[in-house]
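Report on the structure given below.
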Protein chains: 2
Amino acid sequence: MAHIDICTDCAIRDQALCSSLSDSELTTLNTLGRRRTITRGQTLIWAGDESIICANLLSGVLKLVAATPDGREQIVGLLYPADFVGQPYAGQADFTITALTDAELCIFPRDAFERVLEDHARMERLLLQRTLAALGVARTRIASLARQSAQEKIAGFLLDMASRATASGCRATPDAPMTFDLPLTRGQIADVLGLTIETVSRQMTRLKIAGIIALPGGRAVTISDERALQDSAEAA
Amino acid sequence: MAHIDICTDCAIRDQALCSSLSDSELTTLNTLGRRRTITRGQTLIWAGDESIICANLLSGVLKLVAATPDGREQIVGLLYPADFVGQPYAGQADFTITALTDAELCIFPRDAFERVLEDHARMERLLLQRTLAALGVARTRIASLARQSAQEKIAGFLLDMASRATASGCRATPDAPMTFDLPLTRGQIADVLGLTIETVSRQMTRLKIAGIIALPGGRAVTISDERALQDSAEAA
DNA sequence: CGAAAGCTTGACTACCATCAAGGACGGTGG
DNA sequence: CCACCGTCCTTGATGGTAGTCAAGCTTTCG
């Protein structure tokens, strides 16, 4: 909950919105923001509540959740380190934001953050660019959810998670089997892909039996045959 | 194809991005933009092409289409009058944009438009706000596509189209039956909702038989029992 | 060690896609 | 004016994919 005084040492200094600011400008932000750690399962923002905070995600993974009146739940987006969190200019929050893993945030009051945006055109432009990119991602997901089979969804999801896991720290050779931990449970994967937990489990088993992936235990996944997985992601 | 010299008379002067500009600032835009009319079915931008234009939509309806390698098609968004068209800061277009009805646009070269944004912070902020709103809409659609039944999708779609049709020109009484023309064919509705044309047709028939809507012919729809339609949109 | 949460597997079902055929509507040309 | 054609829409029969219900297994954590 302490004020930030270490922006220049920040893990995401070069990737987050703040990368548009000079060191001296950062000191202004310091007085506004504070670090906060939340634990797995904790909710940062509830849908419908007044939208009073914005943040940069420093570490961990968050989910954006839409809930239907009758209790069905759908994850409409995931947030990764360096992603921007919250809705400037919004009266109330559209979605509930909850931590999937322990996470660390750099939080600003929304109104103060909006004033910073007004004074820093570069930062506002960067946010616009990110928002446009997020819109593209969301629309791509619309196409996937509407038209892909369960098999395609799972294969595509695994490829996506794999590329994210290897984004930091490349692997030795492009063709070597690659192992990583999923940050999501089967149930959460189901919520992301618009499937049920049983279907997710069955598709994973199918890929395992086909020798395309291995499931060494826990949340770990090994991709043994990336090419075949890509084919699965595109198969009608 | 003429340069615009009638912004101050523009039908969407108060709703589009330009509403952030003074009359004198508009004259600058005049020199950059030009009006263009496209006919139903014509494509304005192809996915993958270099993203070279931005525009304001003056009249008509456009579709944003994602196509999978194997030919399946999904409409990932619809654009209505006063909506902003195109992707500033994008290298190449993510989606194909095609006219569903005859449409009128006010077109700017992308690079010139970006320079205008840089000089007009109010306009850039307005675009940011719109993009954030569009992101919320897209994410809401993710939830719908993933979790709603065909019945819910159709009912929700009809309510949405109804509210759009009545947005301009309110109706007499809130409870009176309301009739309007759908700007989309059954096939296009299917592409929006991630269904097949047959399922769309069957659901419409079902609603008709239930006395909730009437189909007077052509593209026309009458909502006889809005309350029941809302129930259909929320039923599990 | 025990309980809770998460995962897998099986049997069955329902919903929607697919395939197929025919009807309604609108425009064109004889 | 009517016949013709293309596009769009409706309806029926059938099947497959993924959802639902249920039971048992594994991992995690207090």
Side-chain angles (χ1 to χ4, degrees), chain A residues 39-41 63 68 70-74 98 100-102 144-158 181-210 213-221 232 235-236, chain B residues 39-41 68 70-74 100-102 144-158 181-210 213-221 232 235-236:
Chain A
T39 58
R40 182 178 141 85
K63 64 174 178 180
T68 52
D70 60 330
R72 283 170 291 179
E73 187 168 288
Q74 173 64 36
T98 304
L100 289 177
T101 65
D102 290 355
S144 309
L145 282 168
R147 295 295 182 202
Q148 289 189 316
S149 66
Q151 167 182 333
E152 291 170 296
K153 288 178 184 176
I154 294 288
F157 176 80
L158 289 175
D181 276 347
L182 292 173
L184 284 73
T185 67
R186 298 284 187 274
Q188 287 161 349
I189 295 172
D191 282 342
V192 170
L193 300 178
L195 300 169
T196 60
I197 188 171
E198 294 95 332
T199 299
V200 172
S201 186
R202 275 188 250 271
Q203 291 296 329
M204 300 276 272
T205 303
R206 207 189 55 73
L207 289 170
K208 187 178 71 178
I209 291 173
I213 64 171
L215 301 170
R219 297 274 157 77
V221 179
S232 290
Chain B
T39 57
R40 182 178 141 85
T68 53
D70 60 330
R72 284 169 290 179
E73 187 168 291
Q74 174 64 38
L100 288 178
T101 65
D102 290 353
S144 309
L145 282 168
R147 295 295 181 201
Q148 290 189 315
S149 66
Q151 167 182 335
E152 290 170 296
K153 287 178 183 176
I154 293 287
F157 176 81
L158 289 176
D181 276 346
L182 293 173
L184 283 74
T185 68
R186 298 285 188 272
Q188 287 161 349
I189 296 173
D191 283 341
V192 170
L193 300 179
L195 300 169
T196 60
I197 187 172
E198 294 95 331
T199 300
V200 172
S201 186
R202 275 188 250 271
Q203 290 297 329
M204 300 275 274
T205 304
R206 208 189 54 74
L207 288 170
K208 187 179 73 179
I209 292 173
I213 64 170
L215 301 169
R219 295 275 157 75
V221 179
S232 291

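Each chain gets a letter, A, B and so on, in the order its sequence line appears, and its residues count up from 1. Predicted model, so just to flag it, every value in this text is computed and none were measured.
Residue B:L215 places its side chain closer to D:dT10 than to any other of D:dC9, D:dT10, C:dG6. In this structure, of D:dC9, D:dT20, D:dA18, it is D:dT20 that holds the atom nearest to the side chain of A:T196.
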Just list the side-chain donor-acceptor pairs under 3.5 Å for residues 182-197 of chain A, sequence neighbours left out, or say none.
from: A:T185; atom 1: OG1; to: A:G187; atom 2: N; distance (Å): 3.4
from: A:T185; atom 1: OG1; to: A:Q188; atom 2: N; distance (Å): 3.1
from: A:Q188; atom 1: OE1; to: A:T185; atom 2: N; distance (Å): 2.9
from: A:D191; atom 1: OD1; to: B:R147; atom 2: NH2; distance (Å): 3.3
from: A:T196; atom 1: OG1; to: A:T199; atom 2: N; distance (Å): 3.3
from: A:T196; atom 1: OG1; to: A:T199; atom 2: OG1; distance (Å): 3.1

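If you take CD1 of A:I154 and P of C:dT8, they are 11 Å apart, rounded to a whole angstrom. Computed from coordinates, the A:Q151 CD to D:dG16 P distance equals 16 Å when rounded to whole Å. One interatomic measurement links the two molecules: CZ of A:R186 to C1' of D:dA18, which rounds to 18 Å at whole-angstrom precision. Straight-line distance from the CD1 atom of B:I197 to the P atom of D:dC8: 8 Å, rounded to whole Å. Here D:dT7 presents its C1' atom at 16 Å from CG of B:L184, a figure rounded to the nearest Å. Put simply, CG on B:L100 is 12 Å from P on D:dC8, counting in whole angstrom units. Rounding to whole angstrom units, CD of residue A:Q74 and P of D:dG19 are separated by 11 Å. Residue A:Q148 contributes atom CD, which lies 17 Å from atom C1' of C:dA17 at whole-angstrom precision.
Remark: A:E198 pairs with no residue by the salt bridge (Lys or Arg N to Asp or Glu O under 4.0 Å) rule, at least two apart or across chains. In this view, B:S144 satisfies the side chain to side chain donor-acceptor pair (under 3.5 Å) rule with no residue, not counting sequence neighbours.
Among the heavy atoms of the strands, none lies under 4.0 Å from B:G218. Note on A:R147: nothing from the nucleic acid sits closer than 4.0 angstrom, heavy atoms only. Within the 4.0 angstrom heavy-atom criterion, only backbone atoms of the sugar-phosphate kind lie near B:G194; the bases stay farther away.
When the shell of 6.0 Å around CZ of B:R219 is examined, it contains more than 12 heavy atoms from other residues, nucleotides or ligands.
With values rounded to the nearest 0.5 angstrom, B:M204 atom CE is found 8.0 Å from B:F157 atom CZ. With rounding to the nearest 0.5 angstrom, the CZ atom of A:R40 is 8.5 Å from the OG1 atom of A:T101. B:K153 NZ to B:Q151 CD: the interatomic distance, rounded to the nearest 0.5 Å, is 12.5 Å.
When the local axes at the two ends of the helix from C:dC1-D:dG30 to C:dG30-D:dC1 are compared, using 5 base pairs at each end, they differ in direction by 40° after rounding to 10°.
Listed by first and then second residue, the salt bridge (charged side-chain N to carboxylate O under 4.0 Å, His left out) pairs that reach into residues 200-210 of chain B come to none, sequence neighbours excluded.
Non-hydrogen atoms lying under 4.0 Å from DNA chain C are contributed by B:E198, B:T199, B:R202, all within residues 198-208 of chain B.
Listed pair B:R219 / D:dC8 fails the phosphate criterion, with no side-chain N or O lying under 4.0 Å from OP1 or OP2.
Using a distance-only test at 3.5 Å, with no hydrogens or angles considered, a donor-acceptor pair links the side chain of A:E152 to the main chain of A:S149.
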